[in-house]
Amino acid sequence: MTALSLYDKLWNSHVVHTQDDGTSLIYIDRHLVHEVTSPQAFEGLRLAGRVPWRKASILAVPDHNVPTTDRDKEIADPVSRKQLQALDQNCDFFALQKFEMNDPRQGIVHVIGPEQGASLPGMTIVCGDSHTSTHGALAALSFGIGTSEVEHVLATQCLLLRKTKSMRVNVSGALPKGVYSKDIVLALIAKIGTAGGNGHTIEFCGETIEKLSIEARMTICNMSIEAGARAGVIGVDDKTIEYIAGRPFAPKDAMWDAAVKSWRQLVSDEGANFDSTVDLDASQLSPQVSWGTSPEMVVPVDGVVPDPDQEPNATKAEGMRNALTYMGLTPGQAVNQINIDKIFIGSCTNSRIEDLRVAAQVVKGKTLASNIKLAIIVPGSGLVKRQAEQEGLDQIFKAAGFEWRDPGCSMCLGMNADQLESGERCASTSNRNFEGRQGQGGRTHLVSPAMAAAAGIAGHFDDARKYFN
Amino acid sequence: MEAFTKLTSSLLPLDRPNVDTDAIIPKQYLKSVKKSGFGINLFDDWRYLDPGEPDQDNSQRRLDKDFILNNDQYKNAQILLARDNYGCGSSREHAVWAMLDYGFRAVISTSFADIFFSNCFKNGMLPIVLKKSEVDKLFEASLNDPDYSISIDLEKQQVVADGIGSCQFDIDEFLKHCMLNGLDEIGITLQYEDKIHAYEERLKQSSPWLFAHD
Ligand code: SF4
């Protein structure tokens with residue numbers, strides 16, 4: 001028998017039909033829906049007189065537009081309010097399962113899928129959102145789709161797709177204290193570039209990945225899209241099974257046993273073929289900081305802002321110059337001397353309980369530096385928030401001067417009121433540092449939760465490793 | 001999606017090259033949660049003299065009487081006649097939605113931008129590429145006479161027009177098939193309905209836990 005990769009197995013088990021040109025009709029097991037990319041899809045469905053093919057596959061939640069304060073009041077922004085109402089109405093109309101804004105289970109769609117056990121190994125999972133790649137940490141084939149495709153999945157439970165190429169990223173070596181999975185994925189993107197994974201599904205493997213928790217693995221799969229990949233996957237192991245056990249949507253009793261038996265197959269076979277392989281040594285990593293306006297513009301915290309004049313590729317050098325101007329940085333500047341205005345700990349990349357625990361560990365007993373104008377902690381879901389409060393983490397943050405907010409996408413993309421002002425510099429645990437992403441003229445530096453917390457205390461970037469000795 | 005077989009209608013001649021999708025439907029309207037209702041804002045910047053916002057009462061806005069969309073003699077046209085490179089710019093599907101909502105079913109030009117062209121087929125709007133000489137004649141005729149009407153026959157791939165005769169146009173066989181039968185991509189997938197059901201039955205056997213909440 002030919003050796004199959006995890007991606008091969010996930011793909012093969014979902015093919016409904018293959019056309020002569022190789023395009024395949026792929027069955028979708030789970031469809032996650034949020035308020036921004038779904039309204040036109042629902043309307044299209046209605047206009048065509050269609051109904052959702054399989055209602056139980058759908059789980060809807062508002063996250064992009066929701067305010068992170070004053071949830072008991074009406075949403076101030078009329079456009080956001082309307083998109084939320086549209087999601088509610090569409091779900092009511094078609095009798096779909098949804099968590100409303102004030103439901104304790106509400107949160108960022110990519111946090112709540114795994115948290116609820118709605119994302120399971122072996123599934124195909126889609127959502128009208130590029131960071132759907134997150135769920136691949138549970139050995140699911142998960143990827144983002146556009147609005148027309150959202151409608152297509154609603155109506156047919158399938159998508160017409162072509163198989164991607166496959167890449168294996170092998171991470172070895174012990175991760176130093178104070179260095180996290182966010183640093184691994186930032187270092188990877190710096191190494192292969194934001195187009196490095198184009199047209200690929202990446203499988204992450206190796207001893208370092210095996211040692212990581214499921215939540216830490218999600219951070220890596222989440223950002224595989226920033227490396228250009230369509231999806232990221234990680235094979236099933238004991239941790240995967242443990243993580244899922246007992247979650248609300250997870251199978252129970254005899255079904256559980258059958259499911260676990262089947263999930264155990266979800267690893268790449270020995271000798272499986274990959275189109276390319278990348279090796280990364282985690283033991284050599286420092287905490288990473290993005291300095292520019294693309295997630296590949298990353299340096300270690302003990303490094304300096306790079307010099308475009310040293311870049312042999314003219315186009316690249318030009319891009320670096322533009323980024324430096326936008327970011328207000330000069331070549332050669334030491335990263336740990338860059339002053340920060342705002343701190344954002346949140347987003348589908350780093351807003352789970354382990355992220356908040358690490359940040360709290362750094363912050364505990366200290367206070368924000370005087371130059372920090374605002375520091376917000378936005379838990380990934382209502383349940384993460386509750387858990388953190390039970391552990392007293394909220395008190396640690398508040399005592400240090402952080403604001404403790406309600407869950408949502410928040411300052412990751414600034415669709416709600418949480419935005420950077422022009423020229424403001426932010427240490428952010430999110431995933432995109434594009435121009436204007438967190439607010440027009442805002443300057444985003446992507447870092448791990450430990451680094452964001454340390455920047456809040458120091459007022460500038462500070463080596464998170466110091467806080468863990 | 002509505003099938004497209006034949007259409008006889010007058011033309012609305014939009015005599016400008018490189019009309020981009022921002023001009024067809026400006027960005028502030030993309031915040032809408034709908035696929036319909038964009039018709040009133042089609043070519044918004046050209047049509048109205050004052051700026052527009054979503055949800056505004058458009059009847060209160062001043063019209064630019066010189067813009068052809070505001071000429072009542074052309075208001076029943078279901079075919080837009082355009083110049084080179086129509087639909088360039090952003091990929092927004094809203095551009096096609098706005099044209100459909102306004103009442104157009106076909107658009108004729110010498111050339112179209114790629115994404116706009118393919119978005120048309122996803123929504124039942126027929127984009128037809130004719131020769132420059134033919135398009136020129138159609139402009140002349142329709143500018144002189146708002147009632148000047150032509151017939152499109154998709155099956156025969158023909159546009160028949162008084163004083164010009166019949167003009168042939170090319171179209172991809174598969175796209176033609178979809179348009180003639182009103183098959184959007186969803187419609188095409190639904191042709192495999194039985195296979196999808198059969199797949200689901202197999203899945204229920206092999207992975208019953210996936211259906212525990214159905
Ligand atoms: S947290 Fe940011 S990246 Fe994640 S889904 Fe929300 S907006 Fe997208």
Side-chain angles (χ1 to χ4, degrees), chain A residues 13-17 25 27 29-30 35-36 38-48 50 53-57 59 78-80 82-83 85-87 89-90 97 118 120 122-123 146-149 151-160 248-252 254-256 258-260 262, chain B residues 1-3 28-38 53-56 91-94 96-98 100-101 115 118-124 174 178 182-214:
Chain A
S13 62
H14 287 88
V15 175
V16 172
H17 170 74
L25 199 59
Y27 187 81
D29 298 309
R30 175 65 70 200
E35 78 277 23
V36 178
S38 65
Q40 282 94 356
F42 279 117
E43 212 208 356
L45 203 67
R46 248 194 310 265
L47 287 177
R50 293 179 175 128
W53 180 280
R54 196 174 147 215
K55 291 182 182 178
S57 70
L59 178 59
V79 177
S80 298
K82 228 168 109 182
Q83 280 194 327
Q85 283 166 350
L87 183 67
Q89 284 160 3
N90 285 325
Q97 179 147 229
L120 295 172
M123 275 183 165
T147 296
S148 286
E149 287 176 310
E151 185 181 340
H152 195 280
V153 176
L154 284 172
T156 70
Q157 211 59 39
C158 292
L159 280 175
L160 275 168
F249 286 76
K252 314 236 153 24
M255 286 263 216
W256 170 257
V260 169
S262 153
Chain B
M1 194 176 93
E2 216 178 310
Q28 64 267 36
Y29 301 106
L30 308 190
K31 287 183 186 169
S32 161
V33 295
K34 295 186 170 296
K35 218 170 184 175
S36 54
F38 291 104
E53 284 301 323
D55 294 334
Q56 188 172 356
S91 66
R92 63 191 68 165
E93 215 163 304
H94 305 68
V96 182
W97 298 342
L100 272 178
D101 191 60
I115 301 176
S118 86
N119 281 343
C120 281
F121 285 96
K122 285 199 175 113
N123 292 280
F174 179 65
C178 295
L183 300 171
D184 50 8
E185 268 174 34
I186 293 175
I188 295 160
T189 298
L190 286 175
Q191 290 181 314
Y192 297 105
E193 211 173 325
D194 291 347
K195 285 198 166 194
I196 304 172
H197 283 302
Y199 176 88
E200 277 180 337
E201 287 312 311
R202 290 200 302 278
L203 197 63
K204 280 179 195 164
Q205 298 304 314
S206 67
S207 311
W209 57 89
L210 293 176
F211 294 83
H213 299 273
D214 279 66

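Lettering follows sequence order; numbering is per chain, from 1.
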Side-chain touch A:Leu25/B:Lys195, heavy atoms, less than 4.5 angstrom: no

Flag side-chain contact, heavy atom, 4.5 Å: B:Trp209 against A:Ser262: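 Of all side-chain heavy-atom pairs linking A:Ser262 with B:Trp209, at least one is under 4.5 Å.
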
From [atom1] ([X]) to [atom2] ([Y]), nearest 0.5 Å:
X: A:Thr156; Y: B:Gln191; atom1: OG1; atom2: CD; result: 12.5 Å
X: A:His152; Y: B:Asp184; atom1: NE2; atom2: CG; result: 8.0 Å
X: A:Gln40; Y: B:Phe38; atom1: CD; atom2: CZ; result: 5.5 Å

Below 4.5 Å from any heavy atom of chain A, which atoms of [X] appear? Answer side chain, backbone, both or neither.
X: B:Asn123; value: neither
X: B:Ile188; value: neither
X: B:Ser206; value: neither
X: B:Glu2; value: neither

Quick check on the interface: out of [options], who has the most heavy-atom pairs with chain A under 4.5 Å?
options: B:Ala212, B:Pro54, B:Ser36, B:Ser207; result: B:Ser36
options: B:Asp214, B:Ile196, B:Ile186; result: B:Ile186
options: B:Glu193, B:Arg202, B:Lys122, B:His197; result: B:His197

Residue pair B:Glu200, A:Trp53: steps toward the side chain to side chain donor-acceptor pair (under 3.5 Å) verdict: CA-CA 11 Å; B:Glu200 277 180 337; A:Trp53 180 280; 2.9 Å; yes

Counting heavy-atom pairs under 4.5 Å with chain B, which one of [options] comes out on top?
options: A:Ser38, A:Ser13, A:Ala41, A:Ser57; result: A:Ser13
options: A:His17, A:Gln157, A:Met255; result: A:His17
options: A:Lys82, A:Gln83, A:Arg54; result: A:Arg54

Heavy-atom pair with the smallest gap, counting every atom of A:Tyr27 and B:Leu203: CE2-CD2, 3.8 Å

Structural part of [X] lying under 4.5 Å from a heavy atom of chain B:
X: A:Ala155; result: both
X: A:Val16; result: both
X: A:Glu35; result: neither
X: A:Phe42; result: neither
X: A:Val153; result: neither

Check against side chain to side chain donor-acceptor pair (under 3.5 Å), A:Ser148 and B:Glu93: CA-CA 9 Å; A:Ser148 286; B:Glu93 215 163 304; 2.8 Å; yes

